J.: 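Have a look at this one.
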Protein chains: 2
Amino acid sequence: MSKTSQPKRKTERSLKHNHGACIETALSRAEQRCAEEGERFTGLRRQVLELVWAEHKPAKAYDLLKKLSDIRSGVAPTTVYRTLDFLQERGLVHKIESLNAYVGCSQPNAEHSGHFLICEACSEIKEIENSKISAWLESAAQDEEFKIKTETVELSGLCIRCQPS
Amino acid sequence: MSKTSQPKRKTERSLKHNHGACIETALSRAEQRCAEEGERFTGLRRQVLELVWAEHKPAKAYDLLKKLSDIRSGVAPTTVYRTLDFLQERGLVHKIESLNAYVGCSQPNAEHSGHFLICEACSEIKEIENSKISAWLESAAQDEEFKIKTETVELSGLCIRCQPS
DNA sequence: CGATGATAGTTATAATATAACACTTCAACT
DNA sequence: AGTTGAAGTGTTATATTATAACTATCATCG
Ligand SMILES: [Zn+2]
Ligand SMILES: [Zn+2]
Ligand SMILES: [Zn+2]
Ligand SMILES: [Zn+2]
């Protein structure tokens with residue numbers, strides 16, 4: 001970790017960014033969020049959230065289960081799913097339906113459905129700003145007089161780093 | 001089918017429409033599509049597609065398995081999944097990722113990702129016209145220099161019939 | 001006919017998710 | 001401090017969804 005040169009493209013998130021900061025931010029936001037809602041941010045919940053945030057990639061429930069087993073005892077599928085449900089309900093993680101996997105929510109703010117770009121090559125997932133997309137989708141739904149409650153928007157393809165040049 | 005008066009709102013699909021025609025259309029389109037591509041539209045494939053088209057609602061693989069077992073022998077999960085895969089690859093059915101279920105494709109034409117309105121109350125699913133939405137999503141992805149290959153767009157909520165008045 | 005590849009059958013198992021109930025912890029109240 | 005009730009977690013069992021690997025059958029073409 002004492003390397004000094006990092007010559008890289010600005011878009012190369014995995015190289016450029018201080019991911020420790022992502023994790024810190026996510027955890028402290030979670031803490032705050034739970035406090036606001038009178039919920040307890042327990043050790044288990046913190047550990048699961050940390051594991052989900054280990055990368056900007058989808059975390060599978062049973063992989064989380066394995067990793068969690070390394071750091072505490074008495075871990076079963078229920079443990080993981082219950083905790084993920086809790087985190088989801090508070091908007092701290094999202095489920096990626098097309099992958100049966102979970103990612104940390106990177107939109108600090110209000111309740112929202114996540115909208116995702118999913119790279120098929122490197123697996124990185126980016127949650128994109130959603131108000132514009134939500135407005136578009138609502139207008140499309142409105143044409144059918146349909147009232148949207150939750151949006152699943154998962155766009156798979158190639159991120160810039162993985163596109164052939 | 002000899003009723004003469006149909007006083008209903010144009011949006012009430014389940015009341016207004018001749019679903020037999022939906023099925024006929026889907027089957028003949030499938031036949032044509034397979035012919036074009038040099039694929040065989042076998043009895044099994046036809047039966048599965050018919051079952052998927054039984055309603056404008058999501059069909060679960062294991063429900064299809066049960067129904068299929070009633071009309072032929074030697075049916076196993078593999079049978080159903082393999083056939084659904086075949087139909088999906090030809091754009092004849094779509095998988096609804098958020099429900100782990102399948103619906104018939106109602107967009108005769110080109111290869112496309114489906115975009116869906118899913119009623120949480122009555123389960124009806126409507127595939128909506130997608131070129132506009134696709135264009136929007138592509139522009140959003142473009143902002144991140146992301147190249148979309150497949151779109152999962154599933155909007156859950158209430159259809160007009162199920163909205164409280 | 002007999003070779004060939006596609007289709008379908010068969011058996012087993014993997015991967016994902018939930019149910020039901022018991023035990024523990026923690027905060028609020030006396 | 002002791003009581004209590006709800007929230008959190010542990011435990012066991014099972015349901016649901018999906019795939020792998022191999023075999024048998026069928027359709028087509030030379
Ligand atoms: Zn990060
Ligand atoms: Zn990538
Ligand atoms: Zn119909
Ligand atoms: Zn409805």
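Reminder, nothing fancy here: chain letters follow the sequence lines and each chain counts from 1. Just so you know, these numbers come straight off a predicted model, no measurement behind them. Atom set for the values below is all heavy atoms of this structure, side chains included, hydrogens, waters and symmetry mates excluded.
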J.: I'd like to know if A:Arg82 pairs up with A:Asp85 as an ion pair, taking the criterion as any Lys NZ or Arg NE/NH1/NH2 lying under 4.0 Å from an Asp or Glu carboxylate oxygen.
T.: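 A salt bridge is absent here (no side-chain N lies under 4.0 Å from a carboxylate O).
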
J.: Within 45 degrees of the axis of the six-membered ring of A:Phe86 and under 6.0 Å from its centre: does A:Arg90 put its NZ or CZ there?
T.: yes

J.: Is there a side-chain contact between A:Thr152 and B:Glu97 (heavy atoms, below 4.5 Å)?
T.: no

J.: Are A:Asp70 and A:Lys67 within salt-bridge range, i.e. N to O under 4.0 Å?
T.: no

J.: By salt bridge (Lys or Arg N to Asp or Glu O under 4.0 Å), which residues pair with B:Lys149, not counting sequence neighbours?
T.: A:Glu120

J.: Between B:Phe146 and A:Ile128, does the side chain to side chain contact (heavy atoms under 4.5 Å, CB included) criterion hold? Intermediate values first, please.
T.: CA-CA 11 Å; B:Phe146 185 95; A:Ile128 56 183; over 6 Å; no

J.: Which residues in residues 58-69 of chain B have at least one heavy atom lying under 4.0 Å from any atom of DNA chain D?
T.: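 Heavy-atom cutoff 4.0 Å gives B:Lys60, B:Tyr62.
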
J.: Can you tell me how far P of D:dT16 sits from OH of B:Tyr102, to the nearest Å?
T.: 16 Å

J.: Is there a donor-acceptor contact under 3.5 Å linking the side chains of B:Ser98 and B:Glu154?
T.: yes

J.: Side-chain heavy atoms nearer than 4.5 Å, only ILVMFWY residues, links allowed to pass through others: does that put B:Leu68 and B:Val93 together?
T.: yes

J.: Write out all pairs satisfying side-chain hydrogen bond (donor to acceptor under 3.5 Å, both in side chains) with one or both partners inside residues 40-53 of chain B, taking only residues at least two apart or from two chains.
T.: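 Non-adjacent pairs meeting side-chain hydrogen bond (donor to acceptor under 3.5 Å, both in side chains): B:Glu31-B:Arg46, B:Gln47-B:Arg72.
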
J.: Reading DNA chain C from 5' to 3', where do the contacts with chain A start and stop? Cut-off is 4.0 Å to heavy atoms.
T.: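 Boundary nucleotides touching chain A, in 5' to 3' order, are C:dT16 to C:dC26.
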
J.: Linking directly or through intermediates, with side-chain heavy atoms under 4.5 Å: list the remaining ILVMFWY members grouped with A:Leu158, chain and number order.
T.: none

J.: How does protein reach along nucleotides 5-11 of chain D, written 5' to 3' as B (base within reach of a heavy atom under 4.0 Å), S (only sugar-phosphate), or - (no contact)?
T.: ---SBBB

J.: In this structure, how many angstroms lie between the C1' atom of D:dT16 and the OH atom of A:Tyr81, rounded?
T.: 11 Å

